[in-house]
Every structure is written in C-alpha cells, then in structure tokens.
There are 2 protein chains.
Amino acid sequence: MTTIKDVAAMVRVSPSTVSRVLADSPRISEETKQRVREAMATLHYEPNMLARGLVTNTAGAIGLVMPPGLNEFFENPFFSEMMSGVSEVARKEGFDTLLSTSAINEEDALDRMIRGRRVDGVILLGSRLQDPVLDQVVKLRFPSTLLGRPGHNIPISWVNNDNVQAAYEATLHLVGLGHRVVGFLGGSTDLVVTSDRLEGYRKALNEVSLTRDARLEVSSFFLEQGGYLGMMRLLALSERPTAVLASDDVLAFGAMRAAAELGYRIPEDMAIVGFNDIRLAEIANPSLSSVRVHMQQLGIAAAQQLIAQIRNPEIGVQHTVVPTRLIVRNSCGARLQPQRG
Amino acid sequence: MTTIKDVAAMVRVSPSTVSRVLADSPRISEETKQRVREAMATLHYEPNMLARGLVTNTAGAIGLVMPPGLNEFFENPFFSEMMSGVSEVARKEGFDTLLSTSAINEEDALDRMIRGRRVDGVILLGSRLQDPVLDQVVKLRFPSTLLGRPGHNIPISWVNNDNVQAAYEATLHLVGLGHRVVGFLGGSTDLVVTSDRLEGYRKALNEVSLTRDARLEVSSFFLEQGGYLGMMRLLALSERPTAVLASDDVLAFGAMRAAAELGYRIPEDMAIVGFNDIRLAEIANPSLSSVRVHMQQLGIAAAQQLIAQIRNPEIGVQHTVVPTRLIVRNSCGARLQPQRG
DNA sequence: CTGAAAGCGCTAACAC
DNA sequence: GTGTTAGCGCTTTCAG
C-alpha cells in the first residue's frame, strides 16, 4: 500500500508537505505541488480515508438509516428513486453513501454509524409517530435530515411533502367525480406519512359532509399483497366504496388486482388513486392516477440539506416542502364521461 | 466522544484490557469483562471504526460498485431486489454496505474504495465485454465478486445465471407455441448479460432451423422507454415478429406498451417473454411471462461469497450458478388454445 | 515555503 | 490476567 511517506520519499520532501499538497495548501509552491502530484500518480497513491478520518474526525460518507422491515422498504420503488436522488448529490459533493445494514434495529444502526464515526451525517428514512430515533439523533447533535415529518415536536431538519393537503385534494378529486363512499387504504398506522394522508382524507370527507366510517379506513403492510388484502376487506363491506384512495402506489396495484380478480372494472366499478407516482403507474393497465411526490427530488433535497449541515454545523434546522401534484390517468375515471354526480 | 481510555479510567484498568474485552479475549477474567462492559454501557461507548480499521486494516463494510449510468440502474427493480439480498447477508455478518457514489466512473470508485480502505471487499454489479474494472480488481488482489460473468478470461469469483441456457429455453418455448418469426429485444450490447441472452436466442433459432435476421435483434437502453422504442422498430419491419424475447422485464413492459398502443393484442397478436421476473410481472395486465432469475438469491450468494473471501483470503475463486426458471403467464400465449403450429 | 513532532483511538506484540 | 509500548497513515501546530 502506498502511503504519504512513500510519496514524500520519492520527491524528497517531508510527509507534511505531501499532506499539504493533498489539501492544495497555498503555502506550497506550484513547482513542488507539481512534483508531488506526479509521484502520487506514478505510485498510485490514494489517501487512506481511515487515517484521515481519525485525525479530522470526518468520514466522507453519509448514512442512510433504513426503517425497520428492510425488505418491505427495498421492494418499494419509492426507495430506489429516492436513493437515486441522494446518491447523485452525494457523488457530486464527494461523499459516499453508507447503508445501515449492519444492525438489527434503527437505534443500534445509528449508534454504530454515529458514535463509530462511520458517517458525517444521516438521512432518516421515514418516521413513526413516537420515534425514539429522532430523539436519539437530536440528543447527539449529529447532522441529520428526516425524510418525512417528525411525529412529535422536535427540532430536526426534514424534507417532506404536504401529505395532508395532497390526500385532501386527491380525495376531493374523487368526490368531485361523484363518489359518495370513498375508502382509504393505508400502510402501517404508526407511520407519520400514513397518518397525515389519512388526516387529509378525513378532512376532505368532513368538508363535503360525507359520513366517515372507520370501516372504510383499512391499513395494511406496505406491499402489493397488503393492498390486495386491504381491498378485499373494503369490497366485503355491506356498503362498499366506489372509490379508494391508496396511500402508496404499490398498495394501489394490489387493490387493483383484488378488484379485477373479483370482476370489478376499473375505473367504472371502482375508482382508484394512488400515492407516489412510481414509474409503473403510467405503464400499468389501466394506468394509475397518482399523487406525484417527486421521490427523487425528496432525495436530492435531503442530501443537500444534510451536506449543508455537515459543512456548517451552525446552520440550524432546515425544512423543505416538496410540492405534490395529482396526476390524473385512467384508474380514477375522470377521463370517462361523468356518470354519477 | 467516549474512547477506550475513558472506559479504562472508569474501571481502573489499562486501555488494552478494554480492547481485549471488546474482542472477548479468553485471557481476560469474566469478572473484569463484566465491569468493563458495564462501564461501556454507562458511558455509551462505541468503538471508533476508523481507529480500529487503521490498525487492523479492515473497514467493516462491503462496497457495491454500480455500473456507469447510475440512474438507469437504480430505476430497475432488479437493483433493489438484489440489494435486499446483499444487505440481508451483510447485516447478519456485521458489515455495512457502501455505495460507490462518490466517483464519476467505476475505476475511480474502485480506487477510492479499495486503496482508500473504505471497504473490505467489493461486489461488482454487472460486467461489460471488455471490462477494465475486472482487471483492476484482480490486479489489486482485492476480495471481490462479480454479479454476472466476466466477458474475458480472468480469475475472478462470480455469481450468475446461465443466461445462454435460459434464453435458449425461453426462445424454444416461443417457437414451441408456433412462432416462426421471433424478435430479440436487448439492452446495451456491450453488457455480457445481453450478449449471453442473445447467444441463447440465436442458438435456439439455429437449432430449429429458423432463419435468423439481424433486423430482428434490436438493442436499446435498459429502460421502459428503451423497450418501447425497440418494439416500435420491430413492429415496423416488413416481416414483423409474432413473438419477442426481451432481455429484461422493464424492456418487456415498454414493448407491451408500444404494441398495445398500436392496436396489437397481447398475446394473440404478439407474444412476449421477459427476463428477471420482477414483482410487477405477475401483477401486470396481461401478466408477463418471464424467466425468473432469483435476483435476491443472486445478491445473497454474492455477499456470502465475498464475505467468505474477506474472512479467508486464501479461499480462491468461487463460482455460483443460480438456476433460472421460465414462469409462464399470459403474455406469451401458452395458456391460449394453440392457434398456429 | 518547508520540516519536525505530536497525536487522533485503537490493537498487538512483548513484558511481567 | 493485565499493563506497557509502539505504531497504523494522516493532519496540524509550531519552528524556522
């Protein structure tokens, strides 16, 4: 392994000079820099990040802390797109991206990453209503950004959509198409994102004076299968919904499959709107109406916020709201001639 | 930050004793271990991985080297599923997972990771026909596993499907359904996986004495849009195919969209078989027949092989072939009554 | 403009 | 069983 000493020896300067060249210090003459750089190239020198990190107390990496239930998360296209945004920014800014795979739970993952000095900051993917991880990271005063919204009042930077508003608008859209019984199909209820979208849904129903029915609000796990099962429940109700707002596209697809299997036509017998607008929404048949949340943009903003914080710890908490937009396609029936209402 | 010294001071032992407790050395009395561990807990001690890595020359992480064209890759569900397998193993074995996002190309990413001692081994995701990265990693004698097959003869561990055989069987399946003009829709031609699947396709056509036509072999980028455009080309041919083998499900979906848009019914007018069997294949309408490659299994095997290598560098190159299976659904027409042949 | 020296937190001989 | 010591590769005062 080539070290700074080898380079120094080759150019007949001291290790500190080589170190200064690495940092492009103005105190080193251009000529020396030139010679040192040549030596680095011929020796294939690459700085040892561990050694550097040990003294500078930096890691050159940002950590992605997965929510519990890794697999569920990996399988959701949301994840890839968000990560694509994160890593794009990380790359540009010279950071690597570390996945918190080595621990069994979020708390341990965080401890390992933070106290173990493996990363310079963390992006927390999603939050639960009472989330100890948030307290933990705030208590440690460690650079961090939450992708989502904290469920309780805590000074932490975050990047989020206005999920209440988005779900509110999506629900009103369905109501505007004439639907009087609208179901809500959500993911895990202790996730803030689920609760926010549910709130928006309820708000809309209240506003148009439609009676709410707890049985119309089903929650399941965040997988296609979860949507499938949830939809089965909704369809089994004595007063079954004619439209459903799903809090995730993957759930929406499961719901569509369930409905189709039982002979319901979409959108004629059952209108569906999803959330996230994953790539597949456009391709599917029928194409899925969905609230576009700009997943990649969320990832980009989170990474940028985090890196700004790492570079300037005094920056204070930052909040970014990425706007959403309802993309109307075929699954909600808006493109049909109005039949009800 | 709590260090080993703080713990040592608290228990009134030397730092080396604490270090030995960390390693659970048998030379330390149970009683001392107990006291040290208590101190570690109350002080929230967490070992500094940088310092440890500096002396042991380990990083506690495995690197995932993305192929160039990050985004294309992130968007393919193949990636998430494979990564889910990798990280599951990594977690169990106590490794973190580092994404090579910080460099602009694979070579630099590797240099940074390997010479920078950020990882203990790397998983290379996919290979091109002449791939300098493979030479690089072999030359450095660094633990590594290729997810795919090397395009040239080089002693490197890999995990792969038998893509030639799989494509051969899939093509024969289509021929067996009576198709006499079968198209091939591939990804980037310099990828080994594309070339292998193409070879299997050709082999099948030769075997059943169907004339091959270079115009029936189109290649495009690895996105839905690529499949869409490729299919448009195939449909424009004077002698157009009645069946298409797509070397990736995402391409297959693009192809299906193109065909549907132009009024072709699937599978009646156009039979399609894809590759990878992503989750969506089952859900899609019509459901997509696809060669299941067990993406997660590939990731698991790659990670296991790599970690075995890290733990025992003398282990030599290992090769794993993960079997494939053609999953017949609706898009290939096998479930219809035979109409041709 | 450059060099010498100390030290980041940890492990690993080598002592006792 | 435990302590002492040196050193991993690098950055950073402090000298000059």
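In the text below, chain A, chain B and the rest are named by the order of the sequence lines, each starting its count at 1.
Taking atom CG of N57(A) as the reference point, atom P of dG9(D) lies 20 Å away to the nearest angstrom. Going from atom CZ of R117(A) over to atom P of dC8(C) covers 14 Å, rounded to whole Å. For the pair R35(A) CZ and dT2(C) P, the computed distance is 8 Å after rounding to whole Å. If you measure from atom CG of L54(B) to atom C1' of dC8(C), you get 9 Å, rounded to the nearest angstrom. The distance from atom OH of Y45(B) to atom P of dG9(C) is 10 Å, rounded to the nearest whole Å. We find that CG of N48(B) is positioned 12 Å from P of dC8(C), with the value rounded to whole Å. We find that CZ of R12(A) is positioned 20 Å from C1' of dC1(C), with the value rounded to whole Å. With rounding to whole Å, D24(B) atom CG is found 13 Å from dG1(D) atom P.
Side-chain contact check for V122(B) versus L110(B): some heavy-atom pair is nearer than 4.5 Å. Here the side chains of V119(A) and I62(A) are not in contact, with every heavy-atom distance at 4.5 Å or above. Inter-residue side-chain proximity for L22(B) and M40(B) is flagged as met; some heavy-atom pair is nearer than 4.5 Å. You'll find the side chain of S188(A) stays beyond 4.5 Å of the side chain of F221(A), heavy atoms only. The shortest distance between side-chain heavy atoms of I156(B) and L124(B) falls below 4.5 Å.
The side chain of V13(A) lies closest to dG3(C), out of dT2(D), dG3(C), dC10(D). Among dC10(C), dC1(C), dG9(D), the nucleotide with an atom closest to any side-chain atom of R52(B) is dC10(C). Considering only side-chain atoms of K5(A), the nucleotide from dT2(C), dC8(D), dT4(D) that sits closest is dC8(D). In the set dC10(D), dT2(C), dC10(C), dT2(C) carries the atom at the smallest distance from any side-chain atom of T32(A).
Mapped onto DNA chain C by nearest heavy atom, A23(B) and L50(B) fall at different nucleotides, with L50(B) at the one closer to the 5' end.
The phosphate of dG3(C) (OP1 or OP2) has a side-chain N or O of S14(A) nearer than 4.0 angstrom. Taking side-chain N and O atoms only, S16(B) has no distance below 4.0 Å to OP1 or OP2 of dT4(D). For the pair T17(B) and dG3(D), the criterion of a side-chain N or O lying under 4.0 Å from OP1 or OP2 is met. A sub-4.0 Å separation between OP1 or OP2 of dG1(D) and a side-chain N or O of R27(B) is absent. Within the 4.0 Å cut-off from OP1 or OP2 of dA12(C), not a single side-chain nitrogen or oxygen of S19(B) is found. For T56(A), no side-chain nitrogen or oxygen approaches OP1 or OP2 of dC10(D) to under 4.0 Å.
Contacts of L22(B) with the nucleic acid, taken as non-hydrogen atoms under 4.0 Å apart, involve only primed sugar atoms and P, OP1 or OP2.
Atom CZ in R20(B) sits 11.0 Å away from atom OG1 in T32(B) (nearest 0.5 Å).
Interface remark: the R20(B) side chain does not form any donor-acceptor pair with the dT11(C) base, using a distance-only criterion of under 3.5 Å.
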